[in-house]
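Written below as C-alpha cells is the structure these notes are about.
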There are 2 protein chains.
Amino acid sequence: MAQDAPRRQPTLDQVAELAGVSRSVASRALNNAPHVSRLKREAVERAVRRLGYVPNSTARALATRQTGAAALVVSGEDPSIFADPFFAQVIVGASAALEEADLHLMLCLAASDRGRRRVEELLRSNGADGVMLMALREDDPLARMAEEATMPVVFGGRPVGAVPRWYVDVDNAGGAREATEYLISLGRTRVAALCGRLDTEAGRTRYRGYRDAMLAAGLDPFPPREGDFTESSGAAAMAALLTDRPDVDAVFAANDNMGVGALRVLRGAGRRVPDDVAVVGFDDLAVAQVSDPPLTTVHQPIQALGRETARMLAALVNGQNPTALILPTRLVVRASA
Amino acid sequence: MAQDAPRRQPTLDQVAELAGVSRSVASRALNNAPHVSRLKREAVERAVRRLGYVPNSTARALATRQTGAAALVVSGEDPSIFADPFFAQVIVGASAALEEADLHLMLCLAASDRGRRRVEELLRSNGADGVMLMALREDDPLARMAEEATMPVVFGGRPVGAVPRWYVDVDNAGGAREATEYLISLGRTRVAALCGRLDTEAGRTRYRGYRDAMLAAGLDPFPPREGDFTESSGAAAMAALLTDRPDVDAVFAANDNMGVGALRVLRGAGRRVPDDVAVVGFDDLAVAQVSDPPLTTVHQPIQALGRETARMLAALVNGQNPTALILPTRLVVRASA
DNA sequence: CCCGTGTCTGGAAGCGCTCCCATCCCCCGG
DNA sequence: CCGGGGGATGGGAGCGCTTCCAGACACGGG
C-alpha cells in the first residue's frame with residue numbers, strides 16, 4: 001500500500017537501460033512508432049515486462065500536452081443533480097463514448113461557488129483535454145468561462161439565448177409540437193402548457209413548440225405557467241390552472257415530473273384522466289411508466305445525448321471538425337392521453 | 001477556441017519575469033509558502049492578474065507527484081450501472097466530499113475488458129492519487145489490481161471474502177437481522193429470504209443476518225433463493241417460493257427491487273400484503289415509496305457511503321491513517337409489513 | 001567588532017516523458 | 001569504387017512546475 005512503500009515505479013530510463021537501448025528508442029518502441037529495429041523492440045518489450053513498467057501518465061501528459069481526460073460539467077444549484085435520472089443516463093452515454101475514445105471521464109459539479117471556482121481552474125489550467133457543459137441557465141457564469149477556455153467545449157443542450165459552435169441537443173421544439181398536435185388530434189381544444197423554468201433553453205423551447213402547434217391549429221395558446229421541472233411545481237401549476245381555467249381539457253407538461261404532479265392534482269380534484277383532461281409529459285423517464293395512469297410522453301434519447309456529446313468532444317480533441325447535432329424525439333402513447 | 005488559436009497559456013517564468021523576480025520566488029508566492037517578502041509577493045500577484053496566469057496542473061502534478069484527482073471505480077458487467085439509483089447516490093456523496101478535499105472525481109467503469117484494462121492502467125500509471133473501489137464480485141480481477149496498486153485504495157462495500165485495510169460499508173448483517181426480527185415480532189413464523197447474488201458480499205451478508213435472526217428466534221431459516229437484485233429476479237424467486245412453500249407468511253427481500261418484484265407476484269397470486277404475506281426490502285430507494293403497497297424496508301445511508309468513502313480516501317491521500325467504517329442502517333416501516 | 005541566527009533570494013536540479021535532429025551505417029545504383 | 005538515400009540510433013532540449021541549497025543580507029548579543 002502506498003503509505004508504507006514509497007518505492008517508486010520503474011521509469012522509462014530503467015527500461016531503456018535494462019534493454020540496452022537509449023530512452024528515445026524505448027519511447028518509440030512503446031508507442032509503436034517507426035524507426036525501431038525488430039530486435040530492440042523486442043528487447044524493450046522484455047524489459048517492460050520484467051520491470052512491470054507502466055508509463056507515467058502525468059509525465060506523458062506534460063510532454064504531449066494531452067491529459068487523456070474529458071470533463072463533464074453540470075451546472076445548477078442542487079448538489080444532488082447527479083442523482084437525477086436524467087443526468088444519470090447522460091453519464092452512462094458519455095462514459096461509454098469516452099471509453100471508446102480512450103478518454104477518462106471527470107465529473108464536475110458547478111453548484112456552489114467553490115465548485116464553480118474549481119471548474120474555472122480546470123478549464124484554464126488545462127486539467128482536461130475538453131469539456132462537456134450541461135444544464136446552463138440564463139446568464140450562467142459558466143458560459144463566459146467556456147468562451148475563454150483554451151480547450152474544446154461541447155454543449156449538451158444549448159445554453160439559453162446563444163447558439164454555440166458545438167452542441168448536441170434534443171429536438172425540444174419538435175417534440176413539444178408533436179405532443180401538442182397529438183392532443184389536438186384527439187379533439188381537445190383547451191390545451192394548457194405547464195412550463196419548466198423559462199430561464200432554461202428546454203423550458204422555453206418546449207413552450208414555443210407548444211405555442212406554435214396551437215397557433216397552427218388556430219387555437220389560443222395558454223399563457224405559460226412556470227414550474228421548475230419538479231413534481232411539486234407541476235402539481236402547483238396544475239392546481240392554479242384548474243382554478244383559472246376549469247374548462248381545460250388537455251395539458252402539455254414540460255417534463256414527466258411535472259406531468260406526474262399534474263396527474264396527482266387532477267386525481268385529487270376528481271377529474272378523470274384522460275377522459276376529462278388528457279395529459280402528456282416529456283422525457284419518458286421510468287416514472288412515466290409507473291404513474292397512474294401511465295403517462296403519454298415525448299421520449300428523448302438521453303443516453304444518446306450523452307454519447308453524442310462525448311463523441312463530438314472526442315472528435316474535437318482529435319482535431320476533427322464535427323457539426324452540431326439535434327437528436328430526434330418520439331411520442332410514446334400511454335394511457336394518460 | 002482551441003482549434004484556431006494554439007497560442008499557449010502564460011507560464012510561471014513569464015509571471016516571474018513580469019514581476020521582476022525569480023521563478024522560485026514566484027512559485028513560493030503562488031503557493032503561499034514562506035520566505036517571500038511582502039513586496040515581491042504583491043508584485044507576483046499583480047503579474048498573475050495581468051497575465052491571467054493559471055498554473056498548469058499537469059506540470060504541477062509531475063513535480064509534486066500528486067494529480068489532484070481520485071477515481072471512483074465501479075465493477076460489474078452492466079454499462080448502465082451509473083444509472084442505478086444506488087450508484088447515482090454514491091456519486092452524489094463522493095462528489096461532495098471530494099470537492100471539500102479539493103480532489104477531482106474521475107468515474108471509471110470496469111465492465112468490459114477494455115474498461116478493466118483502462119482501470120488497471122490508471123491504477124499503475126499514477127493517473128490518480130487514490131481509488132475508491134465498489135461492487136466487486138467474488139474473484140474480481142480488480143481485487144488483485146488493487147493490491148498491486150501504488151496508490152491508496154478504499155473499498156466502498158467490502159469485497160467478497162476479504163477484509164481490506166480501508167473500507168466503508170453498511171451494516172448489512174445488522175439491517176437484515178433487524179428486518180427479520182421485525183417480521184418475527186409480527187408473529188410470522190414462516191419467513192423466507194429472497195437473496196441477491198451470493199457472489200457479492202451484500203448478498204451473502206444479508207442472508208446471513210436473516211439466518212442469524214431466524215436461528216436466534218428458534219425458527220427454521222429458509223434456504224437461500226438467489227436472485228440478482230433486479231425486480232424480475234425478485235418476481236421469479238417469489239413465484240418459485242410460492243410453489244415450494246405456499247405456507248410462507250413473510251418475505252425478507254435482499255433489496256427493494258426484488259421486494260417490489262415479490263409484491264407484484266403476490267398480488268398476481270391473490271395474496272394480500274401484508275395480511276397474508278408481509279414483505280420487507282432493503283435500500284429504501286424511491287421505488288419503495290411508490291410501490292403498492294409502499295414497502296417496509298431497511299434504510300441505508302447511500303450518500304453517506306459515498307461521502308465517507310471519499311473522505312477516507314482523501315485522508316489517506318493526505319497521509320493520515322483513518323480506520324474502516326461501518327454505517328448504521330435503520331428499519332423504515334411502511335405498509336407492506 | 002565579530003559571529004551566529006534567521007529571512008530572502010535565485011540558480012539549478014529534478015519530475016518522467018516526447019520528439020527533433022545530428023550522426024551513423026547499410027545498401028544500391030551509377 | 002563512390003555518392004547518396006533511407007532507416008536506425010541516441011543525445012539533448014524541452015514540457016512547466018517544485019524544491020533543495022548555497023549565498024546575500026540584516027540584526028542582535030557577547
Side-chain angles (χ1 to χ4, degrees), chain A residues 6-45 47-48 51-68 121-122 124-129 150-151, chain B residues 6-44 47-48 51-69 121-122 124-129 150-151:
Chain A
R7 105 178 144 285
R8 294 241 257 270
Q9 305 268 102
T11 71
L12 187 55
D13 284 290
Q14 297 174 35
V15 171
E17 190 179 351
L18 182 60
V21 303
S22 74
R23 197 187 349 155
S24 314
V25 170
S27 173
R28 261 174 261 140
L30 239 70
N31 297 308
N32 292 317
H35 304 305
V36 182
S37 66
R38 179 175 187 70
L39 221 66
K40 305 225 162 184
R41 195 178 291 271
E42 283 168 357
V44 170
E45 279 164 9
V48 163
L51 261 44
Y53 169 79
V54 176
N56 178 306
S57 54
T58 306
R60 177 173 282 182
L62 182 59
T64 60
R65 320 173 139 283
Q66 296 256 317
T67 64
E121 202 179 295
L122 184 76
R124 304 194 46 202
S125 72
N126 280 303
D129 294 342
T150 56
M151 61 185 83
Chain B
R7 106 179 143 285
R8 296 241 256 270
Q9 306 268 104
T11 72
L12 186 55
D13 283 292
Q14 297 174 34
V15 171
E17 190 180 350
L18 182 60
V21 303
S22 74
R23 194 178 352 144
S24 319
V25 170
S27 173
R28 265 175 257 138
L30 239 69
N31 298 308
N32 291 318
H35 304 305
V36 181
S37 65
R38 180 176 187 68
L39 222 66
K40 305 224 162 184
R41 195 178 291 270
E42 283 167 357
V44 169
V48 164
L51 261 45
Y53 170 79
V54 176
N56 177 307
S57 55
T58 306
R60 177 174 283 182
L62 181 58
T64 59
R65 320 172 141 285
Q66 296 256 320
T67 63
E121 201 179 294
L122 184 75
R124 306 193 45 204
S125 72
N126 281 304
D129 293 342
T150 55
M151 61 184 83

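Convention: sequence-line order gives letters A, B, ...; per-chain numbering from 1.
Residues from residues 10-22 of chain A placing a heavy atom under 4.0 Å of any atom in DNA chain D, listed by number, are Val21(A), Ser22(A).
DNA chain C is contacted by both Val36(B) and Thr58(A); Val36(B) maps to the nucleotide lying nearer its 5′ end (nearest heavy atom per residue).
Closest approach of Gly52(B) and Pro10(B) over heavy atoms only: O-CG, 4.2 Å. In terms of heavy atoms, Met151(A) sits closest to Leu122(A) at CE-O, 3.5 Å. Smallest separation of non-hydrogen atoms from Tyr53(B) and Thr11(B): CE1-C, 3.5 Å.
The separation between Asn56(A) atom CG and dT18(C) atom C1' is 13 Å, rounded to whole Å. Note: CZ (Arg41(A)) to P (dG10(D)) measures 14 Å, nearest angstrom. In this structure, the CZ atom of Arg124(B) is 16 Å from the P atom of dG16(C), given to the nearest Å. In this structure, CG of Asp129(B) is placed 18 Å from P of dC15(C), rounded to the nearest angstrom. Rounding to whole angstrom units, CG of residue Asn126(A) and C1' of dC15(D) are separated by 12 Å. For the pair His35(B) NE2 and dT7(C) P, the interatomic distance rounds to 6 Å; values are reported in whole Å. Following rounding to the nearest Å, Arg38(B) (CZ) and dC8(C) (P) show an atom-to-atom distance of 12 Å. Summarising the geometry, the separation between CG on Leu30(B) and P on dT19(D) is reported as 12 Å, rounded to the nearest angstrom.
For Glu42(B), the salt bridge (Lys or Arg N to Asp or Glu O under 4.0 Å) test picks out Arg38(B), with sequence neighbours left out. Taking the side chain to side chain donor-acceptor pair (under 3.5 Å) definition, one finds that Ser125(A) meets it with Ser57(B), sequence neighbours left out. A search for side chain to side chain donor-acceptor pair (under 3.5 Å) contacts involving Thr58(A) returns nothing, not counting sequence neighbours.
Two end axes, each from the C1' atoms of five base pairs, can be drawn for the helix from dC1(C)-dG30(D) to dG30(C)-dC1(D); they diverge by 60°, to 10 degrees.
Here Arg60(B) does not reach the OP1 or OP2 of dC15(C): none of its side-chain N or O atoms lies under 4.0 Å away. When the side-chain nitrogen and oxygen atoms of Arg8(A) are compared with OP1 and OP2 of dC15(C), one or more of them lie within a distance under 4.0 Å.
The main-chain N or O of Leu30(B) is never found under 3.5 Å from a side-chain atom of Arg41(B) such that the two would form a donor-acceptor pair. Of the possible polar contacts, one joining the Arg28(A) side chain to the His35(A) backbone as a donor-acceptor pair under 3.5 Å is found.
Pairs engaging residues 17-27 of chain A under the salt bridge (charged side-chain N to carboxylate O under 4.0 Å, His left out) rule: Asp13(A)-Arg23(A) [sequence neighbours left out].
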Atom pairs under 3.5 Å, N or O on each side, protein against nucleotides 24-26 of chain D: can you list them with distances?
none

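When heavy atoms are screened at a 4.0 angstrom cut-off, Pro34(B) is found touching no nucleic acid atom at all.
In this structure, the separation between CD on Glu121(B) and CG on Asn126(B) is 12.0 Å, given to the nearest 0.5 Å. To the nearest 0.5 Å, atoms CG (Leu51(B)) and CD (Gln9(B)) are separated by 10.5 Å.
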Going 5' to 3' through nucleotides 19-26 of chain C and flagging B where a protein heavy-atom sits under 4.0 Å of the base, S where only the sugar-phosphate is that close, and - otherwise, we get B-------
Quiz: residues 59-67 of chain A side-chain donor-acceptor pairs under 3.5 angstrom, not counting sequence neighbours:
| from | atom 1 | to | atom 2 | distance (Å) |
| --- | --- | --- | --- | --- |
| Arg60(A) | NH2 | Asn31(A) | OD1 | 3.2 |
| Thr64(A) | OG1 | Arg60(A) | O | 2.8 |
| Thr64(A) | OG1 | Gln66(A) | N | 3.4 |
| Thr67(A) | OG1 | Ala69(A) | N | 3.2 |
| Thr67(A) | OG1 | Asp129(A) | N | 3.3 |
| Thr67(A) | OG1 | Asp129(A) | OD1 | 2.9 |

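Here the side chain of Leu62(B) is nearest to one of dC17(D), dT9(C), dG16(D), namely dG16(D). Taking every side-chain heavy atom of Arg65(A) into account, dC15(D) is the closest of dC17(C), dT9(D), dC15(D).
The only member of Val36(A), Leu12(A), Val21(A) that meets side-chain contact (heavy atoms from CB on, under 4.5 Å) when paired with Val44(A) is Val21(A).
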